[in-house]
Structures are given as C-alpha cells and as structure tokens.
Amino acid sequence: MSEIPKTYDPASVETKWYDRWLASGCFKAAVDTSKEPFAIMIPPPNVTGVLHMGHLLNNTIQDILIRRARQEGKSALWLPGTDHAGIATQTRVERELRKTGKTRHDLGREKFNEVAAEWRDKHGDIILNQLQKLGASCDWSRKVHTLDAGYSKAVLQTFVTLYERGYIFRGKRMVNWCPVSLTGLSDEEVIMKPSKGFMYRMRYEIVERPGEYIEISTTRPETIPGDAAVAVHPDDERYKHLIGLHVRRPIAPANIPIVADRAVEKDFGSGALKVTPAHDRTDFDIGQRHKLPQIDVMRPDGVMNDLAGPLAGIERFKARAKAAELLKESGNLLEAKPYENNVGFSERADVPIEPRLSEQWFVKYPKVPEALRAVESGMVKFHPERWNKVYAHWLNNIQDWCISRQLWWGHRIPVWYRKNADRNDPANRHVSLEAPADVENWIQEDDVLDTWASSWLWCLGTLGWDKPGSTNPELKFWYPTSALATGPDIIFLWVARMIIAGLELHGEEKKTLTDDEIRARIPFKNVYFNGIIRDAQGRKMSKSLGNSPEPLDLIAKFGADGLRFGLLSIAPKGADILFSEDRVEQGRNFCNKLWNAARFRQMSGPAGDCSSDAAIAARINPAQCDADDHAILGRLVETVDTVGNALAEFDFVTYTSSLFEFFRTDYCDWYLEVSKSRQQDPASRDTVLAVQDLCLRKLLQLMHPLTPFISEELFHLLGCAGEGEYIQNSNPGEGEALAGVLAKVGIALDPAAVAATAALREFVSGARAIKSQNNQATKRDSKLKFAARDEASRTLVESNLEKIKKLVGAAEVAFVTEASGGPAAVTPLGTVALDLTGSVDAAAEKARLSKEIEKLDKLIASSEAKLSNEAFTSKAPPHILEGARNQLAETKAKRDEFARIIASLG
RNA sequence: GGACGCUUAGCUCAGUUGGUUAGAGCACGGCAUUCACAUUGCCGGGGUCGCAGGUUCAAGUCCUGCAGCGUCCACCA
C-alpha cells in the first residue's frame, strides 16, 4: 500500500483505471445462463453530434445501473452505438460539399454516400470516445451503427415484413414538407412555434351576382392561386343561399365553387374559408369530400410555380407580400392586421414546413392496444410514472407514420418499380431484400427510410435480430433489456415506437398478444426519463446562447467522478435540471473528502485484512465496541439498504444524498472525530480501525456506480482488492447480510446506541454553540457545568467525558445539580452551562434566552390548546396523544429551565 | 383549445400512506489553520409551505376553485 497524497488528483487516476479496465476486459459482457441477465442499450447518439450536458447525465445514469448490476453478479451488457442521423448528416455533408462549389447531384448517389460515410467514420465515434472519459463502462467490442450491414438487414427486413403484413403502404398524401431539406417529415419532427404574421381580410366576388362579395380571411394569400373552392358551414344562415354558386379567384383568376362543409368554423373570421387542397391539411380533406382539384402552386424548394400566375418564380414569403399587394391593387384587400399563430417548423432546418401533397410511404402502427397495455399494466415501467399518460395520449390519437425521406443517406427503401408502369399498383412492385432477377426492367425506389424507422429496432437489431422469429443466444439471454434511459422529448419518436416494434416483430406473427407474449416481446422493462439540463437561469442549453459548458473541460477541472456526483445530486426525478458549476464543485469536494478519509485511515495505523466484510469484522473486538461503534455500524447497515432500494427504484437523488449524509454527517463529522481518542488507546485501536475499514469498504462499494474511478483507486489503496481484482466484482450486498456478518463475530447492533449517540451529538452541539456565542469557540480550556437531566444521562456523559471534552474544547466539565450563572444550553441530556466567572454579558444572554422562551411559550400554548380539545384526545391514536403529552412536558421543562437560568443571571 | 407538471429559506430542491418544534445543499454572517481534508471544520441568522375555500381531532401533505410558471398535444383559416 503506497502513501496517499493529500489532494485527490482525478486525471491520473482516471486514465490509469480506464486503461486497466479496458485491458482486462472488465466491460465485456458474455452470455452466461448461470447469471441473471442485465442489459442496457445506449440511446445511440447522432454521428453529427458532439457530447453535451444531456449526454453526460443520461450516460452517467446508465453507467450507474450497469455497474451496480455488475457488482450484484449479473451478466451486465451495456451496448454502445451510433445513429446515422439521416437528415442531419446529409445536411452537414452537403454543406461541406458546397464549400467546394458542388452539390450532391454533381457526385451522384453512390459517390455522395461514400463521402458521407467517410465523414461519419471520421466524426462518428467522437462522442463514444468522449464517453470513455466520463467512465462509461460500455462493452465497446459490441459497438453497433445503424448502417452496419447486419443492422441494415434488420431494418430492410422489417420494411418487407410490415409491407407483407399490410402495415406499410404508399400513397399520395399531405405531408410536412421541408423546403430546405427537400424531404417529407413525420409529424413528430415538426415543432410548432408561435409566429408573427398578418391576417388578411379579403373579398371574393360572387360570379353569379356581380358586385356582391364574400369575405374571407387568410394568413397565406400566396396560396390563393391554389384555391379550388370557398367553403362555408352548411348551417350558416348568412351563406346558405350562396352554396352552389361560384366566386372569382382574385389571383390567377378562375371561377371556383362555394361548397358546404362541416369542417368550417362558423365563428371564426367571416365564417367562409378558402379551400386550397394542395397546401393545407384541412383543405385537403374538404377537397376529397367535394372532389376538388388539387392545385399545387409551389415547387419543392418553396418557390411558386407556373400555376401561381403572377406569383410564379417568387419565393414563398416574398410571394405572400406580393399577393397582398396584388389584392390591394385590385381593391379586394379589406384589411391586413398583425396576427400571431402557430406555425410548424422543420426540426432540423428550422424553417416553416409546407403542407405538401406527395407520394410517400407510410406505416400504419401495429399492436397499438398491446403497446398501451404494456405500459399501463407496468410490464414496461416508466420512471417517473407520470409519463404513462403522455404515452397513452399519443397512442390513443396515433396517426400513420410517414417513413420515406427524400434523401440519399440512409436505408434505401427495398422496393423496385416496374419501369413505365403504375407504381401504385402493387403488381408493379417488387418488395424484397433482393433486387429482382431482371433488374434491368425495374427501378429502385429513390427514397430512404426515416432514421427513426431504423432506430426503432435498436433493442432487437443490436442483439443480432434480423427477422421475426429469429433467435440467437444473445437475444435469448438479454432480450427484453432491463432498462432504457432517455429524455422524455423522444417518448414518441423513439420509446413508443420501440415498444411497438418489439411487440410486432419479436417472435412469430400474431394478430393479438397475451400478457405473457407482451412480456416476452417488449424491448425493455424499465424506462427512466431523465430531465433536460438547463442553465442556471432555466434556459435550454444551446450553441447560440453559448450557455453550455464543455463537458471535457468540466471533467478536466473537477474530475469525472466529481462531475458525475454533482450532476446526479441535482437530477430530480425527471424534472428539468438547472445546471450550475457549483454543484460539480461540490462533487469534486466530496471526492476529495472521501480521499482524505481514506488517507486518514492509512495514517492512523497499519492496514489489516480488508479482503472481505467478514475478514474485517473478525478484527473487531465486540467487547471494545462502544455506543459510537454500534451507532455507525447501525447507520452503515441502514445506508446499504437505503442505497440498494433507491437504485432499484431509479431514485438517484436518494442514492446520492444518502451516501452524502452517511459519509459527511455520520462518519466524518462524528465517528472519526469521537474515535480519535480511542484510536490512540492501544486497547481499542484495532477495533476502531477495523470499524473504519468496514465503513470505508462498504461505502466505496456503494459509491462505485456513481464514482467509479476514485472508488476503485481507494479500494485498492486500502487493500480491499488485490492485483487483478476490481471493485466492480464486489457486491455491497444487503443490510441484513452485513448485520449477519457482524452478528457472527458477536456484534449485535444495539439500536439504543443510535439514540444515545444522537443525544450526545446534541449535547456537544449545544456546548459548542454557547461557546461560539460567547467568543470562546477556539478556546480549548473552557469550563463547563453540567446538570444532568437524570441518572442515565449523567452516566452517558460521564462515560463519554474524554470524547466530549475533546470535541467541545473543554478543560473540565463539572457535574452540578443546577447549571446556572452563565450562558447555557438545554439539551436532551440536561443543561450545559459555560462557566465564565463574572465576565458574562448578562443582558445579551438574557435577551437570547428570552427569545427562546418566547418560542417555547407559543409552542406550549398550542400544545395545551390541542390537548384540552376533547375531540383531539378522544379521536387521535394513542401514540400521537402520548407524543403530544411528552412534547408538552418537555417543552415546559425546557422553558422552566431557561427561566431559571435567566433568574440566576441576576 | 386540451392534458400533465410545478409553486416550501435569498437560490436550487427534499418532505413516504395526513400525526410530536418543516429539512438539506448552496449563498450569507461569525469563529478557527500543529495533530486526514481550507476542495476543511464549528456556530449562527433566515420559511404564516403561491392565494382562497373545504374535509378532518389534526393539512406542506387530501378535495375544489383561482393565479403565476413550465412542458407536451391540437388541421381554427
């Protein structure tokens, strides 16, 4: 055992251990049916991404779970990987390309994908490498990328399977079109944002009644050339007589009908709606019902096309202004007033999406009832549970999923169309993993799949699943996985879809599923939703605000363990997290204190056998154990269970705070301090050191999932593990087991010891307080007077006198019958007073005590009122009643004691 | 428009099924540096638990309403 330096140096420790862990294959998972399986699949980061604070939190949580599982002897697999991130990557690569003056079309599909793949290979693993700095214990040998050959096969096979089962279809529908990325998007990729614009009030002239007009409002006058009708509510008395007549379209003039449709809100605007079936979802539906033509007036890139008449060739927002101008000129614009409404934005390109009619592939979600049941009945358990409702709401209102993307980077849809034939006729399609034999007569679909249509297979594909019913040892062993940790922002995009994919695709085809089948098919049993990390002001972290700290800098500054501890200590259950560096600093400080506690142990005496709890316990002499030993061991047993339960319930705040509380308050502030004198005594020294060893060994084991580096380092420095042994293989066990080990060597934990220690702590605290208030805090030779409350208290103080004197800084404690004449504190053990022999500021002390008495009097009044209330005494349960009576008696005694002291001050 | 969540000390948050004087960390003020740790220790001040009702012997905790904040969902042009 080498000497421990004064300050913990994370950098060298972290590098050393991470390298060793990797070299000795600590994170490698193997199928071992003699063990309980435990698996977590990492939420695959985008290859375009960089590590941000959210990743830190999310991956720390996963690492905690997986390391704890490893300690518990489970066969723990944490599988890492990355996502090809279709739109994001393609956008990035195209941007790079543009710098050289080229577009993807200059390269062609194949060459472009090669360039994109090179870019991915260069940048894709950066995040994963950064995660290693955090200590992430992934099985790196099992890394999966969504475009890997095996995974891709699973993705394409899924398309084929769902097509064959009738869940995938092609159709011309209204989709969310991104005019920048030039692709359709799913509803989930559209972000609604309030946007400022104008509400244009216009008039359309009625053809059959020249000079008569119908008033219409719109925020999008540029779509007027696409108007195919004007719609009114069938029951609207104002317009009933006009139904069936026609109006004159004011831009790109034409006569269009007035139709009646119940989708129109009578009370909104004028109650008449312009119907543009090719540019609005509601209008599309109305158009369908009335067989209206779909007049598409816009090019895919958002520029108006020839059908837009005078607007042709103008970009959509400029066209809007131009349209308003034209209306004004023709006298048909009645008003343009500022207006704010919700507009859908493309999540990636951050521009308003355009509802656009196009041919796309859609998924009709299978197994929706089963997916609802899986979560509702807790087969998939959400933490915190309140996300259940959000999930259920989405499933209950589920819409078909547009899965085709007009991109090149991704899984190309495995469909071939017969040349020069109707693509909508299934007979002209070849849907298969293999191209048709006479491929020269076919054309493959250009579109690729939505990235989520590959990542929804994550838990299956990463384990080698490649078709329904497929099985292999990994899949059989680790599926369903144990837990998923992710953000609630992708509950629909990813979590819900993974559940659906598992239910439909794992196992043989089934129309409906029993609960047992659901249990076997779900991708994970638990989902932990971590909060979103915000800055100290509560703003989202973003590049443009520059309010996101650089994770690697934080690690360099505070150490990975400090960062992990700090983050977890502020990660409330699923609520947003306000990040502040102070917390990370606290984490760092905590690690340093842990370090020094170990250092203190090492400096205090020779190391004993620390190889197991039993070995340490054997070094404890039960006869030498006093109340403090019993108390700290009792708290240790308790903390083992608190930690175990907290982790089992994904309660990370309780996990960190119970460690903090035990280590700071019970171990350092009290136990180490009180045992300093006993440590000097050869008779009790070995026992005290063994108790310390047991506490430290157990504490390190409990902390290991959270602070892997320092716990491993100290575990070795203290001799708890030898060369080639790792803390990850040592199970902290349960409190009962620890108590059993102690019982075996003759230590029956005394519950009264905890109470006695608590009383002594209050006594010491009170004595320190009166010293501090009288500027004697630093004096070591204060004189105290103590009037014990009863015989037992007197004995307790007497038997702990040396400790007390040392902790308080007192030269002597005189046992008296009445402690008075000086500043005093009333403690559970009795009254302790400071002997100031004449130099008391009687007035100040009286004032302080009077304030105390005032508080106590209030309390007494309310207690008495309560106890004299017959309703209370007759209805409250006995233990509450007794408690209230005791409290009253004690409060009165305390008040009287204070009054007596005041009197004694003259 | 609907749903969910939040509102407790200056700040960030704990507060199990209602039950004995509402807690912690940070920040703040005072004191301390021979004896593990100043990345430390000791002591202290600081809260009518968002507002208004209700249920109950008893409400931070349960119910109703209101207000403010946040998030998600939603085809009012």
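Here is how names work: the chains are called A, B, and so on, in the same order as the sequence lines, proteins then strands, and each is numbered from 1.
- Base pairing of C26(B): its partner is G10(B), meeting the Watson-Crick or G-U wobble criterion (both donor-acceptor distances under 3.5 Å).
- Comparing the P positions of A14(B) and U7(B) gives a spacing of 7 Å, expressed to the nearest Å.
- Heavy-atom nearest nucleotides on RNA chain B were determined for Ala597(A) and for Gly269(A), and the one closer to the 5' end corresponds to Ala597(A).
- Judged by Watson-Crick or G-U wobble contacts below 3.5 Å, the nucleotide G41(B) has C31(B) as its partner.
- Residue whose closest nucleotide on RNA chain B sits further toward the 5' end, between Ser765(A) and Ser862(A): Ser862(A).
- At a threshold of 4.0 angstrom between heavy atoms, the contacts of Asp280(A) with the nucleic acid are absent.
- Between Lys805(A) and Asp781(A) there is no salt bridge, since no side-chain nitrogen of the basic residue lies less than 4.0 Å from a carboxylate oxygen of the acidic one.
- Using the Watson-Crick or G-U wobble rule with both distances under 3.5 Å, C72(B) pairs with G2(B).
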Exercise for the section: Verify side chain to side chain contact (heavy atoms under 4.5 Å, CB included) between Trp394(A) and Asn396(A), making sure each step is shown before the conclusion. Expected result: CA-CA 5 Å; Trp394(A) 184 73; Asn396(A) 282 322; over 6 Å; no
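- Side-chain atoms of Asn176(A) come within 3.5 Å of backbone N or O of Leu185(A) as a donor-acceptor pair.
- Across all strands shown, Phe284(A) has no heavy atoms under 4.0 Å from either base or sugar-phosphate atoms.
- To the nearest whole angstrom, the two P atoms, one in U61(B) and one in C49(B), are 9 Å apart.
- Here the C1' atom of nucleotide G1(B) and the CG atom of Asn341(A) are 15 Å apart, to the nearest Å.
- Side-chain atoms of Asn869(A) lie closest to C57(B) of the nucleotides U21(B), U40(B), C57(B).
- A salt bridge does not link Lys274(A) with Asp280(A): every distance from a Lys NZ or Arg NE/NH1/NH2 to an Asp or Glu carboxylate oxygen is 4.0 Å or more.
- Note on Glu870(A): nothing from the nucleic acid sits closer than 4.0 angstrom, heavy atoms only.
- Within the nucleic acid shown, Arg583(A) comes within 4.0 Å of at least one base atom, counting heavy atoms only.
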Problem - Stepwise ring pair (Phe, Tyr, Trp, His ring centres under 6.0 Å) test for Phe565(A) and Phe590(A) - result: CA-CA 8 Å; Phe565(A) 191 102; Phe590(A) 184 83; 4.4 Å; yes
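- Remark: the Lys389(A) side chain and the C4(B) base include no donor-acceptor N/O pair separated by less than 3.5 Å.
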